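This structure is a prediction, so every number in the text was calculated from the model and none was measured.
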Amino acid sequence: MLVLTRAIRAAALAAIALCGAPAALAQAPAATAPPPISAFFANAAFGGARLSPDARHLAARSSTKGQRDFLVVIDLQNNSGKIVASYSDADVGDFEWVNNERLIFNTRDRSVGLGDTSKAPGLYAVDRDGAQFVQLAERTGGGIVTGSSKGRRLLPWNTFMLGQHGAQDSDHVYVASPVLDMKREVRYVNLLRLNTRTGSTQAVPRPGNAKGWLLDHKGEPRLASTSEDGRITLHYREPVDGSWRELASYAIFGNDQNAIQPVGFGPDGTLYVLARGGSKFTSLYAYDVATRKLGAEPLLSAAGYDIDGSLVVNRDKILGMSLRTDAFSNEWFDPAMKTLQAAVDKALPATINVLSVPAQADSPWALVSSYSDRIAPIY
């Protein structure tokens, strides 16, 4: 079954099983000896690093022996670090930059298996210096926020990070709120615009029982998917008036050649999708939302593989794609990024080197994650 975003799959699972986020990246083992069994279960010393939109700061999960995963922010101008969120009974899970000054995150419990998870991940926001901490959604049960926000009711436990970048230029983000039926299955997913300082939300009108959402290049809701009677229907939200219109429809199961999996939008409004285009494997295509037609030729293919990945973008343009074949890697459309990748690969020839870029195009920085089948990710 095709869905619009992997984030909604995760949200749906969390709504049913109260699952946590994926495990943090493992620290690289010693080169001369195999790692002990405990290394596969211990919290990572450093992982999941993300650049702020202006690339002046780096956020990451971190941990030390005997401690839970905490959230640390590193000032890249002087390499000083500050812990901005930590818990004695939970690990920091997923996190994203809201803007240059603020982050949003959830929690998990790495001390138990997924089947033993008993608490929702919650939702929290904090400034990069540790100030203005706000709990936004319940971690478990009911509750009222105390302290400076006394009297403000928390969002319900089934409020999750969307897993997509917003505009990253305000205090607002979009979050997902799955609604379950009597069988504990996801009936539909509400999309909420959330103020990460006040906790106030505004729901985006749904086209039917939408279960997947995709933001456009500016971080605004542009696509939604519904599934009914064995078919998936994609709905496009008009930028001018916010009305919805049907964009495409195809069978959930089988080899429907009309099936497309939206990946992201370009600054000019072009939709990029994964589709077969008459071949055996999926490739990346441009899709015209006005004519509802697939581009004549694929923009990116991988011989012998269905392409699976996400676009690498900044606020100005699409730079390339981060994709998975037999490993995760980058493929670049932008000549400058191709040159940079070649320079990094020459300097680090023993590893696959995945580059990520900040939202602001004028930043001279990129983050490199290097790994191989013998070396755990190093940043």
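- Environment of CZ in Arg315: crowded, with over 12 heavy atoms of neighbouring residues, nucleotides or ligands closer than 6.0 Å.
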### Task
Would you sort out whether Lys82 and Asp127 count as a salt bridge (Lys or Arg N to Asp or Glu O under 4.0 Å), showing the intermediate values?
CA-CA 11 Å; Lys82 182 179 180 61; Asp127 285 350; over 6 Å; no
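- Under the side chain to side chain contact (heavy atoms under 4.5 Å, CB included) test applied with Gln341, the options Val368, Asn353, Val354, Asp334 reduce to a single match, Asn353.
- Other residues, nucleotides and ligands contribute over 12 non-hydrogen atoms within 6.0 Å of the CD atom of Glu246.
- Judged by distance alone, the side chain of Asp181 and the main-chain N or O of Glu185 form a donor-acceptor pair under 3.5 Å.
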### Message
Set out, in order, the CA-CA distance, both residues' side-chain angles and the distance that settles ring-ring contact (aromatic ring centres under 6.0 Å, His included) for Tyr379 and Phe46, then state yes or no.
### Response
CA-CA 9 Å; Tyr379 293 92; Phe46 189 86; 5.6 Å; yes
### Message
Go through it in stages, so that I can follow the logic: the residues are Glu331 and Leu299, the test is side-chain contact (heavy atoms from CB on, under 4.5 Å), and I'd like the CA-CA distance, side-chain angles, deciding distance and then a yes or no.
### Response
CA-CA 11 Å; Glu331 292 292 336; Leu299 302 174; over 6 Å; no
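- Remark: the backbone N or O of Lys293 is not paired with any side-chain donor or acceptor of Asp288 at under 3.5 angstrom.
- Listed for the Arg50 side chain is no donor-acceptor partner under 3.5 Å among the backbone atoms of Trp97.
- The main-chain N or O of Ser243 is never found under 3.5 Å from a side-chain atom of Tyr236 such that the two would form a donor-acceptor pair.
- Using a cutoff of 4.0 Å between basic side-chain nitrogens and carboxylate oxygens, Arg197 and Asp171 are scored as salt-bridged.
- Checking Thr107, Val84, Ile83 one by one against Leu71, the side chain to side chain contact (heavy atoms under 4.5 Å, CB included) holds for a single residue, Val84.
- Of the N and O atoms on the side chains of Ser249 and Arg231, at least one donor lies less than 3.5 Å from an acceptor on the other residue.
- Salt-bridge annotation for Asp306 and Arg324: absent, with no side-chain N of the basic residue lying under 4.0 Å from a carboxylate O of the acidic one.
- Under the 3.5 Å distance criterion, the side-chain polar atoms of Asp216 are left unmatched by any main-chain donor or acceptor of Phe265.
- For the pair Asn106 (side chain) and Asp94 (backbone), a donor-acceptor distance under 3.5 Å is present.
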### Query
side-chain contact (heavy atoms from CB on, under 4.5 Å) between Lys211 and Ser227: does it pass, once the steps are laid out?
CA-CA 8 Å; Lys211 292 184 179 179; Ser227 57; 3.9 Å; yes
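- When side chains are defined from C-beta on, Leu215 does not count as touching Arg222, because their heavy atoms never get closer than 4.5 Å.
- Checking Asn158 against Glu138 by side-chain atom types alone, no donor-acceptor pair falls below 3.5 Å.
- A cation-pi arrangement is found for Arg206 relative to Tyr188, the charged atom lying closer than 6.0 Å to the ring centre and inside a 45° cone about the ring normal.
- Between Leu123 and Met161, the closest side-chain pair of non-hydrogen atoms falls below 4.5 Å.
- Between the side chains of Arg187 and Asn209, no donor-acceptor pair is found at a separation under 3.5 Å.
- One side chain, Tyr174 or Glu220, offers a donor N or O that lies under 3.5 Å from an acceptor on the other.
- A donor-acceptor pair under 3.5 Å is formed between the side chain of Asn100 and the backbone N or O of Asp54.
- Judged by distance alone, with hydrogens and angles left aside, the side-chain atoms of Asp345 form no donor-acceptor pair with the main-chain N or O of Leu348 at under 3.5 Å.
- Closest heavy-atom contact between Val126 and Ala131: CG2-O, 3.5 Å.
- Other residues, nucleotides and ligands place no more than 12 heavy atoms under 6.0 Å from the CD atom of Gln202.
- A donor and an acceptor atom, one from each side chain of His235 and Ser225, are nowhere located under 3.5 Å apart.
- Using a distance-only test at 3.5 Å, with no hydrogens or angles considered, no donor-acceptor pair links the side chain of Trp244 to the main chain of Gly208.
- A distance below 6.0 Å separates the ring centres of Tyr87 and Tyr124.
- For the pair Gln77 (side chain) and Asn79 (backbone), a donor-acceptor distance under 3.5 Å is absent.
- Gln67 and Thr64 form a side-chain donor-acceptor contact under 3.5 Å, judged by distance and modelled atom types alone.
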